[in-house]
Novice: 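Below you'll find the structure I mean.
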Amino acid sequence: METPYTEAANKITDDIDVCDVAGIFEKLKQCDFEMFEPKGYGDVKTLFHDDVIKAISKVAKIAADIMTSQTPSAIVMSGCGTSGRVAFLTARSLNKIVPGEKFRYTIAGGDKALFTSQEAPEDNRKAGVDDLIKSTIDDAKVLYIGITCGLSAPYVAGQLDYCMDNLDKFVPVIIGFNPVHLARKNPIYDWDKTFHDVVTRLEGMTSQGKGFLINPVLGGEAITGSSRMKGGSITMVILQTMFTDALNGVVTSSSITSLLDCRNLLKSYESTCRLFYDTSSTAVTALMTSATQSLKSNSSVYYVSSGGSGVLGIVDSTECIPTYGASLDDIRGFIVGGYDEFNNAEGDIGSLGKNYQIGCEDLSKLLKSRDKEHNDTIIVVAISWDDPVLNEIKVEKDLGWHLKLVAAAQSNVYVVIIDTEQRKRDKNLPDYITELFVISVDLNDVKNSVSSALTSSGKELLSENLIEICSKWIFNAVSTGAHVLIGKVFRNYMVDLKVSNQKLFHRSIGIIQRFCPNVSEQEAMTYLLKSIYDVTNVDDVMNRSVQDHILRASPKDKVVPTAIVMATTQCDVTQARQLLSKYHVIRDALSSVVTS
């Protein structure tokens with residue numbers, strides 16, 4: 001069976017688990033460059049393919065019409081996990097610019113999923129439909145943009161199918177990164193359709209202009225299947241390109257959006273990616289090293305930023321839990337202004353627990369409670385020298401509980417400034433700052449390449465978006481590198497992932513087969529179920545639904561490593577867990593078992 005591109009292992013990172021910090025950074029760089037020009041993937045559509053750019057441009061035109069419409073109308077972006085979080089980030093940013101709250105988002109699991117892993121709702125296609133109807137009940141026209149990197153999420157499939165049944169109101173769009181024939185064909189719970197069925201129907205509508213499919217191939221992720229990285233980044237690039245072009249059309253009263261404009265906007269992100277990686281090696285490797293030391297010593301890593309970068313730091317930390325089996329306290333993100341700045345639909349939900357406490361005041365209280373045994377890493381990312389996050393680290397009286405309290409904890413505090421102005425600034429920061437890094441990303445040439453097509457407001461929006469995505473690449477590199485270096489990855493597979501939804505259940509079976517090549521798909525599932533249910537015989541559980549398996553597996557640790565050990569050594573589940581317990585690092589345990 002052909003492996004979807006979004007689930008394929010990337011040859012670039014095949015040995016990332018044995019690389020040093022510099023080696024990891026270099027491999028992440030090469031993988032991110034592939035977003036724009038993947039090599040060795042045959043005759044597939046990539047980001048700069050004419051069909052992809054035409055689809056982006058056509059959707060931008062529809063978006064521009066909705067922005068200026070006098071009738072009730074909306075642009076709804078939707079997804080699960082990373083995709084839903086990017087949908088929120090985009091809607092949040094654009095509602096600050098476009099009057100009328102035209103931009104909405106839905107995410108599987110509601111706003112709780114913005115801060116914690118709420119993976120199971122991804123499989124609920126009925127919930128997706130209900131959320132979409134509720135979000136658009138008063139609108140006469142809706143541009144719906146479903147985001148699912150692997151063309152796989154049932155939550156999105158249900159919404160897409162509903163839109164195609166109601167074309168008088170909805171214009172359906174899907175963003176994903178597989179060809180249609182590689183969309184998921186597994187049955188969707190409580191439905192007679194697969195995602196493949198639904199997206200094939202959409203593909204048939206594209207020639208009539210009734211729906212749009214934007215699905216460039218990006219190449220395999222640096223960590224196999226971890227679509228929070230390339231998938232999340234290119235989703236941001238596509239949406240930001242689409243809406244920058246749309247807004248520019250609105251401002252200039254242009255009747256059409258230009259294919260050249262979209263192409264040049266996309267190229268500006270490619271140029272920024274190369275500039276960022278060419279200038280950030282020293283900073284990012286230092287941050288990665290400190291974060292690794294903190295995690296190894298059972299301490300924490302904290303991100304602090306403002307605006308969209310603050311959202312991205314929270315997003316990155318949230319995604320470490322299902323990806324690496326991390327705990328909430330391993331990596332956490334905080335945003336200047338808390339919920340007032342975060343601006344999610346459900347408002348302040350901090351009362352639900354520490355998972356949802358995201359303001360700088362929350363971090364300050366947390367740091368004050370930390371004992372001297374902890375060796376935390378605090379990473380403050382500023383997108384300019386005027387970023388309000390820098391006010392949070394100045395030692396001044398009568399400001400309340402601010403980050404000055406880190407002086408009382410055993411913390412390493414790093415400040416990273418993404419400098420696009422190329423002007424020398426005052427570096428007067430508190431003595432407790434461990435180190436200041438300035439990443440100089442000169443965007444003048446990048447912005448000049450699209451200057452003839454953009455208004456001044458368009459250039460300002462583009463500049464903000466380009467700097468914002470640089471902060472995402474910082475967070476992604478730090479969390480990925482640190483988890484690789486503490487042994488959470490074997491080769492380039494996230495073997496300690498949480499088996500918490502259908503996608504991750506089927507991915508787990510594929511991982512077992514990858515390391516146990518003589519094991520069939522059915523046998524791999526048998527070993528997985530033995531690990532999930534802690535049994536030696538699966539006859540009593542084999543006929544249960546995948547949903548039942550996921551409910552049982554979600555809270556468990558080391559499900560996939562245990563299954564791999566059983567499949568490799570032919571031992572039972574108890575013996576497998578005992579063998580794993582002898583090793584502090586999962587990579588070392590699996591390396592020992594698989595190679596022997």
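Here the structure is a predicted model, which is why all the values come from computation and not from measurement.
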Novice: Angle class for the Phe490/Phe515 ring planes (parallel below 30°, perpendicular above 60°, tilted otherwise)?
Specialist: parallel
Novice: Considering only NZ, NE, NH1 and NH2 on the basic side and carboxylate oxygens on the acidic side, decide whether Asp316 and Arg228 come within less than 4.0 Å.
Specialist: yes
Novice: Would you find a donor on one side and an acceptor on the other, under 3.5 Å apart, between the side chain of Lys169 and the backbone of Val142?
Specialist: no
Novice: My understanding is that only residues two or more places apart in sequence, or in another chain, count here; which of them pass side-chain contact (heavy atoms from CB on, under 4.5 Å) with Val18?
Specialist: Asp15
Novice: Check salt bridge (Lys or Arg N to Asp or Glu O under 4.0 Å) between Lys29 and all other residues, then give those that pass, not counting sequence neighbours.
Specialist: Glu26
Novice: Salt bridge (Lys or Arg N to Asp or Glu O under 4.0 Å): which pairs involve residues 196-219, sequence neighbours left out?
Specialist: Asp161-Arg201, Asp165-Arg201
Novice: Can you list everything that forms a side-chain contact (heavy atoms from CB on, under 4.5 Å) with Thr224? Sequence neighbours excluded, please.
Specialist: Ala9, Asn492, Tyr493
Novice: Got a sec, which residues hit salt bridge (Lys or Arg N to Asp or Glu O under 4.0 Å) with Glu7, two or more places apart in sequence or on another chain?
Specialist: Arg507
Novice: Would you say the side-chain atoms of Ser233 pair up with the backbone N or O of Met229, donor to acceptor, closer than 3.5 Å?
Specialist: yes
Novice: Answer yes or no: is there a donor N or O on one side and an acceptor on the other, between the side chain of Ser268 and the main chain of Leu265, under 3.5 Å?
Specialist: yes
Novice: For the residue pair Asn10 / Glu34, report whether a side-chain donor-acceptor contact shorter than 3.5 Å exists.
Specialist: yes
Novice: Could you tell me whether a side-chain N or O of Arg85 sits under 3.5 Å from a main-chain N or O of Val311, the two making a donor and an acceptor?
Specialist: no
Novice: Do Leu443 and Thr272 come close enough that some side-chain heavy atom pair is under 4.5 Å?
Specialist: yes
Novice: Donor-acceptor pair, distance only, cut-off 3.5 Å: does the side chain of Thr568 make one with the backbone of Ile564?
Specialist: yes
Novice: Are the side chain of Thr136 and the backbone of Asp139 linked by a donor-acceptor contact shorter than 3.5 Å?
Specialist: no
Novice: Do Arg263 and Phe48 form a cation-pi contact, if we require the NZ or CZ to be under 6.0 Å from the six-membered ring centre and within 45 degrees of the ring's axis?
Specialist: no
Novice: Do the rings of Tyr105 and Phe88 sit parallel, tilted or perpendicular, given the 30° and 60° boundaries?
Specialist: perpendicular
Novice: Output yes when Lys27 and Asp14 qualify as a salt bridge under the 4.0 Å nitrogen-oxygen rule, no when they do not.
Specialist: no
Novice: Whether the side chain of Asp111 engages the backbone of Ala345 through a donor-acceptor N/O pair (distance < 3.5 Å, no angle test) should be reported.
Specialist: yes
Novice: Please answer whether the main-chain N or O of Ile238 pairs with a side-chain N or O of Thr241 as donor and acceptor at a distance below 3.5 Å.
Specialist: no
Novice: Would you say the ring centroid of Phe36 lies under 6.0 angstrom from that of Tyr269?
Specialist: no
Novice: Asp278: what forms a salt bridge (Lys or Arg N to Asp or Glu O under 4.0 Å) with it, not counting sequence neighbours?
Specialist: none
Novice: For Gln159 and Gly128, indicate whether the former's side chain and the latter's backbone hold a donor-acceptor pair under 3.5 Å.
Specialist: yes
Novice: Between Ser57 (side chain) and Ile53 (backbone), is there a donor-acceptor pair under 3.5 Å?
Specialist: no
Novice: Quick one: do Phe103 and Phe243 satisfy ring pair (Phe, Tyr, Trp, His ring centres under 6.0 Å)? Show the steps, please.
Specialist: CA-CA 11 Å; Phe103 291 87; Phe243 296 127; 5.2 Å; yes
Novice: Any heavy-atom pair between the side chains of Leu504 and Glu122 that's under 4.5 Å?
Specialist: no
